[in-house]
Amino acid sequence: QVQLVESGGGLVQAGGSLRLSCAASGRTFSNYPMGWFRQAPGQEREFVAAISRSGGTTSYADPVTGRFTISRDNAKNTIYLQMNNLKPDDTAVYYCASAQYYSGYDGAYDYWGQGTQVTVSS
């Protein structure tokens with residue numbers, strides 16, 4: 001059974017930083033692209049970042065480009081999302097997900113974590 005467990009969320013002031021982690025189990029981690037999505041209250045879930053199987057290719061949504069960095073450690077079956085210069089608009093539940101193919105489209109992702117709350121105060 002595939003499991004994805006996020007951690008690292010919390011409350012931070014605007015301009016601060018957080019690093020999210022997502023530990024995976026139940027499938028050969030390095031065989032699958034991974035991604036981060038987020039969902040703010042009353043809004044649809046949106047793509048944040050994706051990373052290829054090897055970690056050599058990454059992509060980001062426009063609102064986070066230059067501030068967020070996705071990475072992975074295949075030896076630890078873990079992906080990360082380093083979030084710098086956080087803004088109140090970044091407040092959301094953040095989800096990691098495992099994909100069948102590299103994509104920013106949530107339909108490509110077949111397993112999801114339970115989410116971790118990130119709250120950015122102004």
List the atom of [X], the atom of [Y], and the distance in Å for their closest heavy-atom pair.
X	Y	value
Gly113	Tyr95	O-CD2, 3.5 Å
Gly104	Phe37	O-CE2, 3.9 Å
Thr69	Tyr60	CA-OH, 3.3 Å
Ala40	Ala92	N-CB, 3.8 Å
Arg67	Asp90	NH1-OD2, 2.7 Å
Ile70	Gly35	CD1-CA, 4.4 Å

Measure the spacing between [atom1] of [X] and [atom2] of [Y] and express it to the nearest 0.5 Å.
X	Y	atom1	atom2	value
Ile79	Ser21	CD1	OG	9.0 Å
Ser52	Met34	OG	CE	12.0 Å
Ser122	Gln13	OG	CD	9.5 Å
Arg27	Gln3	CZ	CD	13.0 Å
Glu44	Asp106	CD	CG	9.0 Å
Ser25	Leu4	OG	CG	7.5 Å

Checklist entry - Is the distance between the ring centroids of Trp36 and Phe68 less than 6.0 Å? => result no
Next on the checklist: Can you confirm whether or not the ring centre of Tyr101 sits under 6.0 Å from the ring centre of Tyr32?
Outcome noted: no
Got a donor-acceptor contact below 3.5 angstrom from the [X] side chain to the [Y] backbone?
X	Y	value
Glu6	Cys22	no
Arg45	Arg38	no
Asn74	Gly55	no
Thr28	Ser30	no

Checklist entry - Between Thr116 and Ser7, is a side chain to side chain contact (heavy atoms under 4.5 Å, CB included) present by the stated rule, with each step listed? => result CA-CA 6 Å; Thr116 186; Ser7 60; 5.8 Å; no
Checklist entry - How far apart are the C-alpha atoms of Arg19 and Met83, what are their side-chain angles, what is the distance that settles it, and do they pass the side chain to side chain contact (heavy atoms under 4.5 Å, CB included) test? => result CA-CA 6 Å; Arg19 188 175 83 151; Met83 305 185 294; over 6 Å; no
Side-chain touch [X]/[Y], heavy atoms, less than 4.5 angstrom:
X	Y	result
Ile51	Thr57	no
Ser17	Val12	no
Phe29	Val2	no
Phe47	Ser59	yes

Item to check | Worked check of side chain to side chain contact (heavy atoms under 4.5 Å, CB included) between Gln82 and Ser71 | outcome: CA-CA 8 Å; Gln82 178 66 44; Ser71 61; over 6 Å; no
Item to check | In one Ile/Leu/Val/Met/Phe/Trp/Tyr side-chain cluster, 4.5 Å: Val93, Tyr109 | outcome: yes
Checklist entry - Honestly curious: do Leu81 and Leu18 fall in one hydrophobic cluster under the side-chain, below-4.5 Å linking rule? => result yes
Next on the checklist: I'd like to check the ring-ring contact (aromatic ring centres under 6.0 Å, His included) partners of Tyr94; sequence neighbours left out, ordered by chain and number.
Outcome noted: none
Checklist entry - Are Arg72 and Thr78 linked by a side-chain donor-acceptor pair shorter than 3.5 Å? => result no
Checklist outcome for this item: Per side-chain contact (heavy atoms from CB on, under 4.5 Å), Leu11 is matched among Thr119, Thr91, Val118 by Thr119
